[in-house]
Amino acid sequence: MKPGADLTRFQLPPQFNLPKSQLQLYGESVYCYSHDLLSKCVEGKSPAERLNAVVAWSISTTRPLIAGKAPYNPILGETHHVSCGNLNVFLEQVSHHPPISALHATDEARKLELNWWQRPVPRFYGRSIEATVHGKRELKLLEFNETYEMNSPKLCLRLLPIPSAEWSGDVLIQCKQTGLRATLCFRGKSLLGFKGSSTRITGRIGHSSHGGDLYELQGNWDEIITVKELSTGKTSVIYDAKAVISNMKAPVLQNPEGVASTESAVVWSEVSESIMKGDWNKAREAKRSVEETHRKGESRWRAKHFTYHDSGDWVYLHRPQCVPPAPIIMPQSPQR
């Protein structure tokens with residue numbers, strides 16, 4: 001395999017798979033938490049407070065990774081539908097080559113809407129695999145008529161000298177209605193993997209037009225993130241990873257009759273069961289069966305829940321309707 005080679009068509013043997021789909025992992029970063037940061041976005045009393053909350057929520061979607069393990073590549077038409085309280089989340093794999101996942105989530109009670117599509121492009125670079133995540137995240141606070149657009153950091157899987165997984169690169173979060181923006185830098189380690197912290201974040205929050213900064217941000221996305229208000233010198237914690245993503249509960253099947261045949265857990269059920277039992281021959285056969293069945297129907301398939309817009313974005317097809325409650329729910333964790 002040559003350095004720079006595109007790995008989007010590369011299939012891992014089940015021994016190197018997590019027993020879940022990448023589509024589920026995308027959804028979990030939105031609905032799976034111990035402390036609800038998404039609802040905090042609508043509680044800010046000023047645009048600056050709300051942007052700080054959006055920044056904290058965006059950082060919370062950056063989750064720790066397991067080096068040496070990867071989820072299944074979602075098949076075309078695979079879906080994932082989960083509810084967490086009033087938040088209803090729906091995902092669909094709208095393209096396989098290139099792989100594109102689309103997400104739409106709504107919370108009618110808090111007047112929240114989330115639109116998110118992404119296309120990861122992983123490439124092999126000898127000592128590492130780097131995935132650039134193309135696409136767009138858009139969080140709408142409907143009560144304030146504010147839309148926050150943001151991109152995703154890069155994912156780097158280091159193979160040598162020490163296997164590790166980390167996020168790196170620049171993230172821009174901006175709201176055109178308020179004129180505020182945040183710039184975050186996920187620093188990662190040095191090229192050889194020895195120097196620096198792989199989870200370090202620095203950033204600045206302020207005005208887009210005249211470039212005046214209001215806050216400085218620093219910390220580690222797997223620990224604590226603080227912001228310093230430049231006018232007063234006051235420092236406060238906006239993100240605590242332990243409070244947000246520790247002791248998370250697993251989704252619960254509430255309505256078996258309502259689960260679609262395209263749901264991730266259904267599509268990959270036999271593969272996941274075999275992996276958890278350590279039956280690698282059966283896991284390999286089950287995975288091959290899923291992929292072969294998918295290939296046979298790929299040419300006739302069309303996205304059912306999202307449509308490609310002239311703007312280049314994937315848009316939820318059923319808007320302005322909200323995402324309906326899901327047959328799979330997340331148990332509510334007590335807020336701290």
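In this text, all values refer to a predicted model and were calculated from it rather than measured experimentally. Position 1 is the first residue of the sequence, and the numbers go up from there. Side chains included, hydrogens not; waters and symmetry mates left out as well; all remaining heavy atoms used.
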If you look only at pairs with a residue in residues 74-101, which of them pass as a salt bridge (charged side-chain N to carboxylate O under 4.0 Å, His left out), with sequence neighbours excluded?
none

Can you tell me if K136 and N115 form a side-chain donor-acceptor pair at under 3.5 Å?
no

Stepwise salt bridge (charged side-chain N to carboxylate O under 4.0 Å, His left out) check, E28 with K20:
CA-CA 11 Å; E28 286 177 2; K20 62 175 62 178; 2.8 Å; yes

K154 atom NZ, neighbour heavy-atom count above 12 within 6.0 Å
no

Do the side-chain N and O atoms of T61 and R137 include a donor-acceptor pair separated by under 3.5 angstrom?
yes

May I ask you to check whether W268 and Y72 place their ring centres under 6.0 Å from each other?
yes

Beyond-backbone contact of V267 with I75, side-chain heavy atoms, under 4.5 angstrom
yes

Side-chain donor-acceptor pair present, N88, T106, cut-off under 3.5 Å:
no

Any donor-acceptor N or O pair under 3.5 Å, side chains D279, S274
no

Give a yes-or-no answer on whether the side chains of E263 and H80 include a donor-acceptor pair shorter than 3.5 Å.
yes

Pairs of donor and acceptor atoms involving the side chains of residues 316-324, under 3.5 Å and at least two apart or interchain, shall be tabulated with distances.
unit_1	atom_1	unit_2	atom_2	d
H318	NE2	H305	ND1	3.2
R319	NH2	E113	OE2	3.1

L23-I275 co-clustered via ILVMFWY side chain contacts under 4.5 Å
no

For a 4.5 angstrom cut-off between non-hydrogen side-chain atoms, does P99 reach Q93?
yes

Under 3.5 Å, is there a donor-acceptor pair linking the side chains of R187 and T202?
yes

Side chains of Y215 and K228: does their closest heavy-atom pair fall under 4.5 Å?
no

Indicate yes or no: at least one non-hydrogen side-chain atom of L142 is less than 4.5 angstrom from one of L112.
no

Could you tell me whether the side chain of V315 reaches within less than 4.5 Å of the side chain of W117, counting heavy atoms only?
no

Heavy-atom count check: over 12 atoms from other residues, nucleotides or ligands less than 6.0 Å from Q177 CD?
yes

Is the closest side-chain heavy-atom distance between L51 and I173 below 4.5 Å?
yes

Name each donor-acceptor pair under 3.5 Å that joins a side chain in residues 253-262 to protein atoms two or more places apart or in another chain, with its distance.
unit_1	atom_1	unit_2	atom_2	d
N255	OD1	E257	N	3.4
T262	OG1	T79	OG1	2.8

Between the side chains of Y26 and Q118, does any donor sit under 3.5 Å from an acceptor?
yes

Report the C-alpha separation of F90 and H104 in whole Å, then their side-chain angles, then the decisive distance to 0.1 Å, and conclude whether the ring pair (Phe, Tyr, Trp, His ring centres under 6.0 Å) test is met.
CA-CA 5 Å; F90 189 88; H104 186 69; 9.3 Å; no

Does any part of the side chain of Q218, heavy atoms only, come nearer than 4.5 Å to the side chain of R200, both counted from C-beta?
yes

Taking the side chain as every heavy atom from C-beta outward, state whether V30 and W116 have any pair of such atoms under 4.5 Å apart.
yes

Trace of the ring pair (Phe, Tyr, Trp, His ring centres under 6.0 Å) decision for W314 with Y308
CA-CA 5 Å; W314 285 89; Y308 186 72; 5.4 Å; yes

If we ignore angles and hydrogens, is there a donor and acceptor under 3.5 Å between the side chains of S58 and Y148?
no

